[in-house]
Amino acid sequence: VDLDARLAVVGQLFRLERKGGKPMKRAPIIFMAAIALFLTGIVSTAGSNAEREFQKQMLDMQGIDTVDLVINKGSANIVIDDSQPASIQNRYSYLDSGASENDVSAEIYQAQKQGRTLVITVKSAENSGYHNAQLSLPSTIRKLIVNEAEISTSLKLDSMELHAVHRVGWSGSVKNLRLIEKQIACEYNCELHATINTGNIDQLYVQANKATVELVQADTIATAELALGENSSLNIRPIGSFKNIVIKEYPAKQALKAPPEATAVGQ
Amino acid sequence: MFNLQRFLRLAKAHWAEYRKTYAWFFGIGIMIHFVILILMFAAEGTRAASNDTQQGFYYMGLFLSAPIFAARYFQAMARPESALIVLMRPASVFEKWLLAFLVTAVLYPIVYTAAFYVCNLPASLLALPIIQSLSAGVEKDWLFFVLTDSKPGQWVSILLSISTCQGFALLGALYFHKMPFIKTIVIAFVLLLATIFIGIIFRATPEMLFDHWARDMSPSPVQQIVFPMVWILMPALLWLASYFALKEREANQ
């Protein structure tokens, strides 16, 4: 196969010539074509949403004051708001090649009432990406149990108790906020990252064996009591607000079996 | 245009001339691998032996070293006196280009993978007792990384993107007569900036393009045509451009 001859035929078709009749260099022209193609590919993604959404599902919150959210792969954005009905909407970022839509449709939310607790399970398929569950909950909720979540509210809540494992963020005003490290069998990546972002908090209590606690606006927290294990770390801004913070020793295991309820929420 | 006997003679001559250079290239790569591994063990302890870290080592090493290796294939072209020797070799442009493609795009990833497994042996041996001490639920995270773990779609992405990077590096080495390495890096940097700039202006989601083979991100009908075209034509055009760059260098000498 005479590739040169064939390419010469293609070259003659385009007759690329510079001034003075010299043949134009083909390498930079082909290179520019490749770059133009690449940038076309980038531009073609404009306005596309890489995330897929599931249908919003309403939640029955009658008689419920505790929500236990179980997501095996992903995190949650929880908004506490009375102006909209309680609901959950799940999103996932991608689906691995080789997986079919049926794999994804097998994903379900299961909402099950257990006394005053609503257990919501978001089960994801093996081949899908990380999930992001969007939850809207009423202010009657007093306790949230999550693995990873960002929680926010524009209301002034009386109390909230958060149980979390990996990463939890709080933004909003509350009289009494309790943040407790969820007790699970964990061997890898067990540290709790807790960030208290904004909002006026009268009383904050954090209890964790190994945690990184960040108080982003510590001057808006009236009193804070942190019961942290010896390998934990604390980040306070501004530093002048440290006088409102009391750091205590993390309770021993025996004490954890019967957690102190002296400052129990909702009272 | 293509003569098998002549091509084999060219390959033998190339091997005789560059085998020591290649041995040094891999030797230095292995040394860097171990230095980084020791630093990671110092910083992260046994986590440096995790499956994720092993994967990271493999892909980082491949994506960084493959374009450098490709750029160095025609390093003799950077000097007029040695460029003349390369261009005067008794072989057609197509044969020289084909040998460059086989050595850089086909042989290099295979040899790199084999070398990686030898280098990664200490990490996997360190990971073994950790695997045994952990419960079944977290075991997978610490397993020795094997290439078969990757899905076919991921492999298509890896091979095509490596080939694109190598085609780009080889084109730079052939097109620029002086300081080709630095000039190619500058062009790559300008392209990166242009991509970011265009991405911001058009509010693009580039991961849809980059993850096209690896993940199903529900592309639109237009994207279903454009994305495979970009992925397949990009390396093809860059390698074609490098063929013409070699041809034009030969014509200009």
Side-chain angles (χ1 to χ4, degrees), chain A residues 1-8 10-11 16 22-53 72 92-104 125-130 184-190, chain B residues 1-2 47 50 92-94 133-135 137-138 141-142 151-154 156 164 167-168 171 174-175 191 194-195 198-199 201-209 211 213-220 222-223 226-227 229-231 233-238 240-248:
Chain A
V1 178
D2 191 346
L3 185 68
D4 273 345
R6 287 191 178 184
L7 290 170
V10 177
L16 300 168
K22 282 184 178 177
M24 200 174 236
K25 285 187 172 181
R26 277 175 273 188
I29 293 166
I30 296 168
F31 173 71
M32 294 305 285
I35 298 308
L37 184 69
F38 173 68
L39 294 178
T40 305
I42 296 286
V43 171
S44 75
T45 66
S48 299
N49 188 359
E51 284 195 337
R52 291 194 190 184
E53 283 184 358
N72 67 340
Y92 65 91
S93 51
Y94 62 84
L95 183 67
D96 275 355
S97 67
S100 69
E101 281 293 330
N102 289 336
D103 295 325
V104 183
E126 185 67 27
N127 296 315
S128 70
Y130 278 84
I184 57 159
C186 180
E187 292 174 82
Y188 173 62
N189 196 16
C190 310
Chain B
M1 186 183 181
F2 183 78
R47 279 184 68 180
S50 73
S92 69
V93 173
F94 179 71
S133 69
L134 292 174
S135 59
V138 286
D141 288 331
W142 295 87
K151 295 181 175 70
Q154 287 172 317
V156 174
T164 304
F168 178 79
L171 176 61
L174 287 167
Y175 184 75
L191 276 174
T195 307
I198 286 173
I201 286 177
F202 288 93
R203 295 189 176 191
T205 318
E207 61 262 36
M208 286 194 76
L209 173 64
D211 290 345
W213 303 103
R215 295 163 185 173
D216 177 10
M217 300 178 101
S218 58
S220 67
V222 174
Q223 289 167 343
V226 172
F227 288 175
M229 265 178 68
V230 173
W231 271 97
L233 284 181
M234 271 284 285
L237 285 173
L238 287 172
L240 185 67
S242 65
Y243 168 78
F244 280 113
L246 182 62
K247 196 175 164 67
E248 283 156 7

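Residue numbers start from 1 in every chain, and the chains themselves are labelled A, B, ... in the order their sequence lines are given, proteins ahead of strands.
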Point to revise | Residues which pass ring pair (Phe, Tyr, Trp, His ring centres under 6.0 Å) with B/Y175, listed by chain and number, not counting sequence neighbours | key: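 Partners of B/Y175 by the ring pair (Phe, Tyr, Trp, His ring centres under 6.0 Å) criterion come out as none, since no residue qualifies.
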
**Study point:** chain A contacts, top residue of B/L238, B/V226, B/L233, B/V230 (heavy-atom pairs, under 4.5 Å)
**Key:**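 Top option by heavy-atom pairs under 4.5 Å: B/V230.
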
**Study point:** Parallel, tilted or perpendicular, as decided by the 30° and 60° cut-offs, for the rings of B/W213 and B/W231
**Key:**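 Answer is perpendicular, since the angle exceeds 60°.
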
Exercise for review: Taking all non-hydrogen atoms of both residues into account, name the closest pair between B/A241 and A/A27 and its distance.
Suggested key: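 In this case the closest contact between B/A241 and A/A27 is O-CB, 3.3 Å.
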
Point to revise | Side chain, backbone, both or neither of B/V222 within contact of chain A (heavy atoms, under 4.5 Å) | key: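 The answer is neither part of B/V222.
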
Point to revise | Proximity breakdown for B/L174 and chain A, heavy-atom pairs closer than 4.5 Å | key: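 Neither; nothing under 4.5 Å.
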
Point to revise | Non-neighbouring partners of B/S220 that pass side-chain hydrogen bond (donor to acceptor under 3.5 Å, both in side chains), sequence neighbours left out | key: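 Applying side-chain hydrogen bond (donor to acceptor under 3.5 Å, both in side chains) to B/S220 gives B/Q223.
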
